[in-house]
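Since the structure comes first, as structure tokens, the remarks are kept for the end.
Note that ligands are numbered from 1 as they come in the structure, with each ligand's atoms numbered from 1 the same way. The first residue in the sequence is number 1, and the count goes up from there. Reckoned from all heavy atoms, side chains included, excluding hydrogens, waters and symmetry mates.
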Amino acid sequence: MSIQQKKLTIGLFGFGVVGTGLYKVLQQTPSLNAEIKKVCIKHPDKKRAAPETLFTIDPELLLSDENINVTVELIDDADAAYYIVSRALASGKAVVSANKKMIAEHLPELLALQKQYNVPFLYESACCASIPVIRNLEEYYDNDLLQGINGIVNGSTNYILTRVFQDKLSFEDALLQAQLEGFAESNPKLDVEGIDAVNKLSILLTHAYGIVSHPQEIVHSGIQNLQVHDAVFAKEKGFEIKLVAQAKKLEDGDVAAFVLPQFVDATNQLYNVRNEYNGVVIESGLADKQFFYGKGAGSFPTASAVLSDLSALRYDYKYEYKKLNNKTAGSITNDFFLRVYVSFEGLFQVPHERFERIEEWSSSEKRCHVIGIIRFSKLRDSNWWKRKGTSLIVWPDAFVNNIEDRVQEEESALAFV
Ligand code: HSE
């Protein structure tokens, strides 16, 4: 019997913020004909708002139960999650997961498992929680038309930036609040240092361009080094600072991809994305820009995406990884130029030689900043810009074409003065 005629009998791993949300939401959606048979948890002594008989600490009980036809994996530990997901796929169970770290780090193996066992593995909740961005990239956008993705994909850092820069909360208090609200990872460094965002970008790149790239290979940084000086500068210019995951198809067809703080001006749809909300602007050749907006973290928003995956199992939906399998896959390039702002503790720390061109600089007793053009491959191969006390923020519309031509043109123009 195919899964669409059957009842979905779920073995759930994890009963944290999202697991609890799913449990509650499923009770309100009888039409889905889905039932949680057992929940595997780590700490049996915790008080939980569900009957005790539902819980076990033995994963085998769920994995070897032939009546369980769907495994929903919502745990924190990426290594344990990989074990559970691969075991479940190998035993022919459909799998729904929210574990972006596990998926991003094991994509090649997970692709092979799906092929080998021909079972659905869905993970819409892993990117931007309530925003259905994976399925849209997978189904709607043809590779050739997809020019770029610009997204705020981490709710916690966006929440912290809003609370610190708008409400003048301290960084520590804002982070604590994000943790209390259940937005942050249990290791909040993953949020703050841009790791969660780059995990999500790596998943999006697969569905957008057929690129399978380990997140560590993608240039990324978080909000850990941002300074009050940067916020004051942004305000003067009418910008907001956001942590943006960006992918852009360049003229030669290769894809530029990174997660970095960016200055965003009021014409950008991401400007008004605040608190734990996420936003994704998709640029396509024919339709210009589309903007997806919604809650990117939290119990019910994430559970709603898990629910939508469960519902998709009803019609035997699987990711086809069209761009990867149709041999239209793109590849990542680091060969381009970006306009960036970098602020430093003192003027003597400015590494002039790291810039192709410095266009503006300003210095005060305590802090100085420069705006200039960098060769992205040099940024990728160095760490100076990640040091404590240095903050690098991407300028709006940062891509610079043909810098060599332009430098030469300027030099020849000067020769006639
Ligand atoms: N920690 C993540 C975030 C949770 O803040 O976006 C949702 O993936």
Check your understanding: Which of parallel (below 30°), tilted (30 to 60°) and perpendicular (above 60°) describes Phe55 and Phe15?
Key -> perpendicular
Review point. Taking the six-membered ring of Phe399, is NZ or CZ of Lys248 closer than 6.0 Å to its centre and within 45° of its axis?
Key: yes
Review point. Polar-atom distance check: Gly155 versus ligand 1, any N or O pair below 3.5 Å?
Key: yes
Check your understanding: Once the angle between the rings of Tyr277 and Tyr293 is folded into 0 to 90°, is it parallel (under 30°), tilted (30 to 60°) or perpendicular (over 60°)?
Key -> parallel
**Study point:** Location of contacts on Asn154 toward ligand 1, heavy atoms closer than 4.0 Å
**Key:** both
**Study point:** Side chain, backbone, both or neither: Glu276 near ligand 1, heavy atoms under 4.0 Å
**Key:** neither
Practice item. Over 60° means perpendicular and under 30° means parallel, so classify the ring planes of Trp384 and Phe355, tilted if in between. Key: tilted
Review point. N/O to N/O below 3.5 Å, does that happen between Phe183 and ligand 1?
Key: yes
Point to revise | Mutual orientation of the aromatic rings belonging to Trp395 and Phe239 [parallel < 30°, tilted 30-60°, perpendicular > 60°] | key: perpendicular
Point to revise | Closest candidate by heavy atom, reference atom 2 (C) of ligand 1, pool Lys295, Lys101, Glu185 | key: Glu185
Point to revise | Lys200: numbered ligand 1 atoms lying under 4.0 Å from its heavy atoms | key: 2 (C), 3 (C), 6 (O), 7 (C), 8 (O)
Review point. Can a non-hydrogen atom of Ala129 be found less than 4.0 Å from any atom of ligand 1?
Key: no
Review point. Heavy atom under 4.0 Å from ligand 1: found in Asp196's side chain, backbone, both, or neither?
Key: side chain
